[in-house]
Amino acid sequence: MTVITHPRRKSRLATMIDSAGGVSVGVALTQARANIEAMRAQALMVIDAGISALEALPAPGSPEDLPARLDQAYRATTTLIDAAGPFELHDLCRAAAGLCDLIGASDPQEAFDWRIVTVHARSLRLLQTLPLEAAEERARILESLSEVIERKLAQTG
């Protein structure tokens, strides 16, 4: 059995953690929201650039071009998700994530229906331009994209 014969001392760090100070959780959250909101305009520009990159991406001219084109589409889409996520643009994130899922599930050695990228790019642009109040239209777009994703994933699986 071990017996401690000297009193334990608290470290300076433990003392600082236990002492009052800092900011309350509510104040910290308010500050964080304000900091994020200040970046909204920049994020919207990144989202627009990501959608434009997808729209401008030409279909692969040969099977050898396919892996590079899929990689470009995937990078543009993940950039869009990264920019839209903090601002709770869930529709854009969901549509972009679906395209990422399809690209990730595809075999670069097999043919890829490039129309999927085109449809997703146009759908993302439409989601970007629709007002937030157009919930029914947004839901229909996402439902249609989900059907495409399910069919294509079933074909690859």
Side-chain angles (χ1 to χ4, degrees), residues 13 17-18 21-157:
L13 179 59
I17 290 172
D18 289 340
V23 295
S24 71
V25 173
V27 170
L29 287 173
T30 301
Q31 289 173 346
R33 284 187 195 107
N35 291 340
I36 287 176
E37 198 56 40
M39 300 181 76
R40 182 178 287 274
Q42 181 182 357
L44 292 176
M45 288 177 17
V46 171
I47 291 167
D48 188 59
I51 295 171
S52 294
L54 278 175
E55 290 172 329
L57 198 58
S62 67
E64 294 79 29
D65 291 343
L66 182 61
R69 291 283 194 267
L70 288 174
D71 185 55
Q72 290 171 324
Y74 192 87
R75 279 188 278 123
T77 307
T78 56
T79 299
L80 192 150
I81 293 169
D82 291 344
F87 299 96
E88 300 178 357
L89 301 172
H90 302 299
D91 296 343
L92 286 172
C93 290
R94 186 171 157 204
L99 181 56
C100 286
D101 290 344
L102 283 173
I103 292 171
S106 70
D107 181 356
Q109 304 306 318
E110 293 185 19
F112 184 86
D113 188 354
W114 198 256
R115 296 174 299 176
I116 294 170
V117 175
T118 304
V119 165
H120 271 78
R122 290 178 182 163
S123 297
L124 286 163
R125 181 66 72 197
L126 184 56
L127 288 169
Q128 180 194 30
T129 58
L130 278 173
L132 292 176
E133 299 80 36
E136 186 178 321
E137 291 83 355
R138 291 173 169 281
R140 277 198 307 246
I141 292 168
L142 291 173
E143 184 179 325
S144 296
L145 289 176
S146 292
E147 289 173 11
V148 169
I149 293 165
E150 287 173 17
R151 276 191 225 130
K152 291 299 180 179
L153 286 177
Q155 289 175 1
T156 61

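Just so it is clear, the values below take in all heavy atoms, side chains as well, and ignore hydrogens, waters and symmetry mates.
- Here Glu147 pairs with Arg151 under the salt bridge (charged side-chain N to carboxylate O under 4.0 Å, His left out) rule; sequence neighbours left out.
- Residue pairs satisfying the side chain to side chain donor-acceptor pair (under 3.5 Å) criterion with at least one member in residues 94-113, sequence neighbours excluded, are listed as follows: Arg94-Ser146, Asp113-Arg115, Asp113-Lys152.
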Practice item. Take Leu80 and Val46 through the test side-chain contact (heavy atoms from CB on, under 4.5 Å) and record every step on the way to the result. Key: CA-CA 7 Å; Leu80 192 150; Val46 171; over 6 Å; no

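- Screening residues 26-48 for salt bridge (charged side-chain N to carboxylate O under 4.0 Å, His left out), with sequence neighbours left out, gives Glu37-Arg40, Asp48-Arg125.
- Here Leu92 contributes atom CG and Gln128 contributes atom CD; the two are 7.0 Å apart, rounded to the nearest 0.5 Å.
- The side chain to side chain contact (heavy atoms under 4.5 Å, CB included) test applied to Met39 returns Gln42, Phe87, not counting sequence neighbours.
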**Study point:** Intermediate values then yes/no, side-chain contact (heavy atoms from CB on, under 4.5 Å), Val148 and Val119
**Key:** CA-CA 10 Å; Val148 169; Val119 165; 5.5 Å; no

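- Of all non-hydrogen atoms in Ile81 and Ala96, the two that sit nearest each other are CG1-CB, 3.5 Å.
- Taking each heavy atom of Ala73 and Trp114 in turn, the nearest pair found is CB-CH2, 4.4 Å.
- In this structure, Gly50 and Ala76 approach most closely via the heavy-atom pair O-CB, 3.9 Å.
- Evaluation of the salt bridge (charged side-chain N to carboxylate O under 4.0 Å, His left out) test over residues 63-78, restricted to residues two or more places apart or in two chains, returns Asp71-Arg75.
- Looking at residues two or more places apart in sequence or on another chain, you find a side chain to side chain contact (heavy atoms under 4.5 Å, CB included) between Ala95 and Leu124, Leu127, Leu142, Leu145.
- Taking OG of Ser123 as the reference point, atom CD1 of Ile116 lies at 11.5 Å (rounded to 0.5 Å).
- With sequence neighbours excluded, no residue forms a salt bridge (charged side-chain N to carboxylate O under 4.0 Å, His left out) with Glu143.
- The side-chain heavy atoms of Leu54 and Thr118, taken from C-beta on, include no pair separated by under 4.5 Å.
- Every residue two or more places apart in sequence or in another chain that forms a side chain to side chain contact (heavy atoms under 4.5 Å, CB included) with Ile149 is listed here: Leu102, His120, Leu153.
- Evaluation of the side chain to side chain contact (heavy atoms under 4.5 Å, CB included) rule for Thr78 yields Tyr74, Cys100 as partners, not counting sequence neighbours.
- Under the side-chain hydrogen bond (donor to acceptor under 3.5 Å, both in side chains) criterion, Arg138 pairs with Asp91, not counting sequence neighbours.
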**Study point:** Full working for side-chain contact (heavy atoms from CB on, under 4.5 Å) between Leu44 and Leu89
**Key:** CA-CA 10 Å; Leu44 292 176; Leu89 301 172; 4.2 Å; yes

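- Residue pairs meeting the salt bridge (charged side-chain N to carboxylate O under 4.0 Å, His left out) criterion with at least one member in residues 77-89, sequence neighbours excluded, do not occur.
- Closest approach of Ala43 to Ala83, counting heavy atoms only: CB-O, 3.7 Å.
- Within 6.0 Å of CZ in Arg122 there are 12 or fewer heavy atoms belonging to other residues, nucleotides or ligands.
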